[in-house]
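A short write-up of the structure that comes next.
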Protein chains: 4
Amino acid sequence: MTKAQQLKHLLNNDEVTYALEAHHAASALIVEKTGFKMIWASGLTLSAALGHRDCNELSWTNLCDQFEYMADATNIPILVDGDTGFGNFNNVRMLVRKLGKCGVAGVCLEDKIFPKTNSFLPYNQSLSSIEEFVGKIQAAKDSQTTPDFCVVARTEAFISGQGLEEALKRAYAYQEAGADAILVHSKKSTIEEIESFCKCWNGSAPLVIVPTKYASTPSDTYQKLGISVVLWANHLFRASLIAMRDIAGRIFREQSVHGIDSQIASLNDIFELVDENELKRAEQKYFPLNLNV
Amino acid sequence: MTKAQQLKHLLNNDEVTYALEAHHAASALIVEKTGFKMIWASGLTLSAALGHRDCNELSWTNLCDQFEYMADATNIPILVDGDTGFGNFNNVRMLVRKLGKCGVAGVCLEDKIFPKTNSFLPYNQSLSSIEEFVGKIQAAKDSQTTPDFCVVARTEAFISGQGLEEALKRAYAYQEAGADAILVHSKKSTIEEIESFCKCWNGSAPLVIVPTKYASTPSDTYQKLGISVVLWANHLFRASLIAMRDIAGRIFREQSVHGIDSQIASLNDIFELVDENELKRAEQKYFPLNLNV
Amino acid sequence: MTKAQQLKHLLNNDEVTYALEAHHAASALIVEKTGFKMIWASGLTLSAALGHRDCNELSWTNLCDQFEYMADATNIPILVDGDTGFGNFNNVRMLVRKLGKCGVAGVCLEDKIFPKTNSFLPYNQSLSSIEEFVGKIQAAKDSQTTPDFCVVARTEAFISGQGLEEALKRAYAYQEAGADAILVHSKKSTIEEIESFCKCWNGSAPLVIVPTKYASTPSDTYQKLGISVVLWANHLFRASLIAMRDIAGRIFREQSVHGIDSQIASLNDIFELVDENELKRAEQKYFPLNLNV
Amino acid sequence: MTKAQQLKHLLNNDEVTYALEAHHAASALIVEKTGFKMIWASGLTLSAALGHRDCNELSWTNLCDQFEYMADATNIPILVDGDTGFGNFNNVRMLVRKLGKCGVAGVCLEDKIFPKTNSFLPYNQSLSSIEEFVGKIQAAKDSQTTPDFCVVARTEAFISGQGLEEALKRAYAYQEAGADAILVHSKKSTIEEIESFCKCWNGSAPLVIVPTKYASTPSDTYQKLGISVVLWANHLFRASLIAMRDIAGRIFREQSVHGIDSQIASLNDIFELVDENELKRAEQKYFPLNLNV
């Protein structure tokens, strides 16, 4: 199965699939090696890793460069955060064509206005018109270069303060436009908005959710609500931040790295992460003389 | 002081400066916020973060893209790992010109052969001729676009199995060629090679070391030996790896992110890291209407 | 004088400066070698050279990559076509900071909506609000990293079918916001719109025009109207297109390149264009042994 | 047929295929529209277009960015000039994987030393060992991501002053290593070296030549010698240079673009080149409201 086929399968089978965030190839490799079947390439964490805010400060091709490193390094599908598509329907077309070349399996597009604002910030959350966003979904689907590339339509209706009715209306329109799945987002600290949506939804498109704020929801709830994919959307980056902050503080205070070995991976862990042995085998195959030096 | 001036000052003052590794803008920000005065942009960890090995699999411009993100995000000088200069003297010129534009304060060049092999791997460690490397140092110095940009010449004489005499001979030649500092590298588990070098060295160029393998050395030793800069060369990446691996394992097993808050930074920590407040102030200044939506 | 100082001087002295379009480093070099004092990096021709339409199909960083090649190769100032700034005021800030690093001397920003449409196409020409565009100009000026970087505000009032009053109102507002010059654009086949504007204008900001459609205007008219800079905005690309088309046709028909020498530059012309001799001198300086092989 | 299949077919059919140089997407489009079946992406002209010399001043990923624009814009196969592979066998693997994503149909690798020197310059022409280059060919073939991607092995034996025997010995070794074709290069002003090679060659790999210096050879000679592909390796760039120089000189002298219309393409030619009509149709399909403005 291609990566796109894998993603399509995960969206459409009966089980809940959990996807974990990655923000660079190393974190993507960790997601894969841990056993997850799917990677979420988060706009928030990828931007922050590069020192930028989640409001399209980075160009879409800057982001694609990073997606490509992540896809090159891993064997499971990556769903990338495509924000609003970085402009109009034509920018969406450029993006989808490029993402296919980068080796990602699908893109999530959201119905806000370019440049976007992170959903957890309390301003600039106005929505695109349904007509414009439907055109983007259609353009994305028509531009994909592999048959199973997945376009996930994300509605920010709840985020922007609209109610259930608007969220459903948009979700049906996006499904009709060809979306392979619907992501419905909420910043409530409980799952109530999502629950109300799921109970009303009788579309055929699978549902994707992002329980960042309502993280305390018991995980059997997702299965009961018929959720297809749950995105743990930013947790590896958050874990790395605290670990780096702690170790940096300790090294600064102690002016030494002695005694911290239990808190850090070994050099060999790095060499294994990037499969140094494969290179040595290749060198033996393609240029053995080089190793003699 | 410009960043290059800061770096030159740190190399030449009487105190030992400790520099900590960063592999992306977020880790560079942590180095700065912790209180360090200098950032080391490691080729090993930057490559691994992008899923690649430390043997010039990434192009030099790929690396510069990442250096630029790191420099844009921070206010303290970054010394970047320039490997062998990615080719001959002319490639060194291209590199140094580009690094100036990226906003980094200096580059470290090493006297091995392109494509390089990581110093801690037990093969492919042969050295460049002194003549060729001297030409690279001169070319680097002649190409810098700001007067205080620092070129650190790194000798791998010990790494390649040569002795003290060769290391000293090379260090003097590189100083003569214009190097702003000498980095002498060792993979011994004690500081003995470095110690022997320092005791013999009576050049004027400041000395830089990388105590990755001889990490147990008491830190007052560095001052005694007259070391100028100590690079903790890969420790933030190693801390992040283990933290991400642990949290990924826990989330995978528990199918939940509930209860892990003490192990991860908050969303607000991310927003603070990238100074979300500055954007809000800017929006009030440049387009207040936008915030009303 | 820095390139930015040169540009500021050209904008503000009493003579008409003619700037010629370039779309890659080679054409930029030709502009300089011919004797022009200023290069116009056109969005239309640069996009077309890369196979794309003038509607922001290319990302802003893709464009910056090309601007940087052009600036690296030349010694006269480049004014780049920054379209609408590729988003809102914050995208403008990103752009201006990057352009400074690329070595360009100034940017022209226009008061249309992202993604833009080429001014000579008969649709999608609606304007940004004055308030929003004023914020962009202020953000651009506040973000420049050298004191003489020039921000040229381009009003598309005539292009969008608005009249003289709107054009003047906008121009005064943009000057007030800090614009270093005003570009007033027209697609009329005579200079009448521009003439009416110039006769009414009594701002202090210098004026820039683009006589693509009203090319038959006698050149002494520009001086009389008090124009500061005239952009020949796309002519090198258009000359290259027809020449390449002709020679391609001939080679295709004749299945030979024999006898076409008078229509093509020599290999030596290419070597001179990129100053091959400088490299040979550098090689003699930095690595003479290499030349012996 | 995929582009790689087209290229394989052109290499292996009985006719001589003529390929014309392109250095950006616009020139590639002209090659295609003229009727040629194949595009040569020249390292010399692509570097010169970006203001650089043909000695690997540009990084391999810089080049790939440009190859990708060219491939995105066209429907016929592009054979790209891969120089020496930008390092060792492992760099070749990186290159070939990336080229597949860029959409190019094949790569030509030459048996010189990185960084390379242009073949028409009278120095730095020493050859790689056969063993090392054979390893590169094998690595390239093993790394291709589509079955028909073509690896053309170029021997510079004649260029480096070696004779026929060395050229043949290398060509057979490269064919044995898996090369899809052999390019044999000569800087003689007559075809004699190539002729001697062709008459002795009884390998199965098709032959490719570059008659830049021996351009006066009658074209029926190529068929008689059993040549498969003839590369007109730099002629569009050379035609564009002279045309741009001429028109720039005229505009500079006349301070006007009046009366030059017969020497330049029209704006509509540009809009047609990039298929502006397709965008208008797409807009009607995906967002008709936009056109009303």
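Atom set for the values below is all heavy atoms of this structure, side chains included, hydrogens, waters and symmetry mates excluded. First the proteins, then the strands, lettered A, B, ... as listed; each starts at 1.
Within the 4.5 angstrom heavy-atom criterion, atoms from both the backbone and the side chain of A:F252 approach chain B. Contact annotation for A:T212: only side-chain heavy atoms (C-beta onward) come within less than 4.5 Å of a heavy atom of chain B. Using a 4.5 Å cut-off between heavy atoms, A:S262 contacts chain B through its backbone alone, with no side-chain atom that close. In this structure, the portion of B:N118 lying under 4.5 Å from any heavy atom of chain A is its side chain and not its backbone. Contact of A:V31 with chain B is not made at all, since no heavy-atom distance falls under 4.5 Å. Contact annotation for B:Q263: only backbone heavy atoms (N, CA, C, O) come within less than 4.5 Å of a heavy atom of chain A. Using a 4.5 Å cut-off between heavy atoms, B:T74 makes no contact with chain A at all.
Annotation: maximal heavy-atom pairing with chain A below 4.5 Å, among B:R253, B:E278, B:M70, occurs at B:E278. Ranking A:L29, A:V230, A:D275 against chain B, the residue ahead of the rest is A:D275, based on heavy-atom pairs under 4.5 Å. Contact count versus chain A (heavy atoms, under 4.5 Å) is highest, among B:A243, B:A248, B:S240, for B:A248. For chain A, the option among B:S47, B:S27, B:A73, B:A48 with the highest count of heavy-atom pairs below 4.5 Å is B:A48. In terms of heavy-atom pairs under 4.5 angstrom with chain A, the leader among B:R53, B:E57, B:M244 is B:R53. Put simply, of B:L273, B:L20, B:L121, B:N234, the one with the most heavy-atom pairs under 4.5 Å next to chain A is B:L121. For the set A:A26, A:A25, A:A265, the count of heavy-atom pairs under 4.5 angstrom toward chain B peaks at A:A265.
Using a 4.5 Å cut-off on side-chain heavy atoms (C-beta onward), B:I247 and A:R238 make no contact. By the 4.5 Å heavy-atom criterion applied to side chains, B:L267 and A:K213 are counted as neighbours. The shortest side-chain heavy-atom distance between B:L50 and A:Q66 falls under the 4.5 Å cut-off.
Side-chain N/O atoms of B:N124 and A:E283 include a donor and acceptor closer than 3.5 Å. Judged purely by distance below 3.5 Å, without hydrogens or angles, the side chains of A:D220 and B:Q255 never pair a donor atom with an acceptor atom.
Under a cut-off of 6.0 angstrom, the local environment of NZ in B:K37 is sparse, with at most 12 non-hydrogen atoms contributed by other residues, nucleotides or ligands.
Separating the OG1 atom in B:T117 from the NZ atom in A:K280 is a distance of 11.0 Å, to the nearest 0.5 Å. The CG atom of B:L241 sits 10.0 Å away from atom CD1 of A:I264, with the distance rounded to the nearest 0.5 Å. One distance of note links CD1 of A:I270 with OG1 of B:T45; it measures 7.0 Å at 0.5 Å rounding. In this structure, CD1 on A:I251 lies 12.5 Å from OG on B:S219, to the nearest 0.5 angstrom. Considering NE2 of B:H258 and OG1 of A:T217, their distance stands at 9.0 Å, rounded to 0.5 Å.
Taking a cutoff of 4.0 Å between a charged side-chain nitrogen and a carboxylate oxygen, B:R245 and A:D269 qualify as a salt bridge.
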Problem set entry | From CA spacing to verdict: side chain to side chain contact (heavy atoms under 4.5 Å, CB included), A:H235, B:I260 | CA-CA 9 Å; A:H235 299 80; B:I260 67 171; 4.1 Å; yes
For this session: List the steps and the verdict of side chain to side chain contact (heavy atoms under 4.5 Å, CB included) for B:D54 and A:F271.
Result: CA-CA 9 Å; B:D54 187 22; A:F271 294 142; 5.8 Å; no
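Contact detail for A:V274 and B:G51: the closest heavy-atom pair is CG1-C, 3.9 Å. Among all heavy-atom pairs drawn from B:P211 and A:V257, the shortest one is O-CG2, 4.4 Å.
Between A:F237 and B:H24, the angle of the ring planes goes over 60°, which puts this pair in the perpendicular group of the 30/60° scheme.
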